[in-house]
Amino acid sequence: MANSSKSSKSKSTSSSKSGMWGLNKISFWTIVAVTVLYAVALILAACGVTSVAVSALQGVAAAMMIIIVSILAWRYVKPKQVVWKVLYFVCLLIVIAGIIVPLVIG
């Protein structure tokens, strides 16, 4: 009896560690992907390639980070009171406006 409960615990622990994308793994691979995008943008800028390509790569990198952080922040805010959710959406809208408005103006 004790042996069967021990084996079921070890199976659930090992499957949850290897099968799920944890916060640490998501953060690491996001940093890797963003690093690649920024490195390509840096090389293109050093080679004198048009700034549109460089800006686009930097924008994609920033968008990736914002998306990941927004998802994780929503997980934090979701069970909280409405005030927290309103604050989340206000901050998210300001961040999006801070990215889009300079692109439209410039």
In terms of hydrophobic clustering (I, L, V, M, F, W, Y; side-chain heavy atoms under 4.5 Å; direct or indirect links), are [X] and [Y] co-clustered?
X     : Y     : value
Phe89 : Ile71 : no
Leu37 : Met65 : yes
Val32 : Ile26 : yes
Val40 : Val60 : yes
Tyr76 : Leu92 : yes

(message) How close do Ile31 and Thr35 get, counting heavy atoms only, and between which atoms?
(response) O-OG1, 2.6 Å

(request) Determine the minimum heavy-atom distance between Tyr38 and Ala61, stating which atoms define it. (result) CE1-CB, 3.7 Å

(message) Please check this pair: side chain of Tyr88 against backbone of Ser70, looking for a donor-acceptor N/O pair closer than 3.5 Å.
(response) yes

(message) Whether the side chain of Lys80 engages the backbone of Lys85 through a donor-acceptor N/O pair (distance < 3.5 Å, no angle test) should be reported.
(response) no

(message) Using a 4.5 Å cut-off between side-chain heavy atoms of Ile, Leu, Val, Met, Phe, Trp and Tyr, which other residues end up in the same hydrophobic cluster as Leu93?
(response) none

(request) Mark yes when over 12 heavy atoms from residues, nucleotides or ligands other than Trp74 sit less than 6.0 Å from its CH2; otherwise mark no. (result) yes

(message) For the OG1 atom of Thr30 and the CD1 atom of Ile67, what is their distance to the nearest 0.5 Å?
(response) 10.0 Å

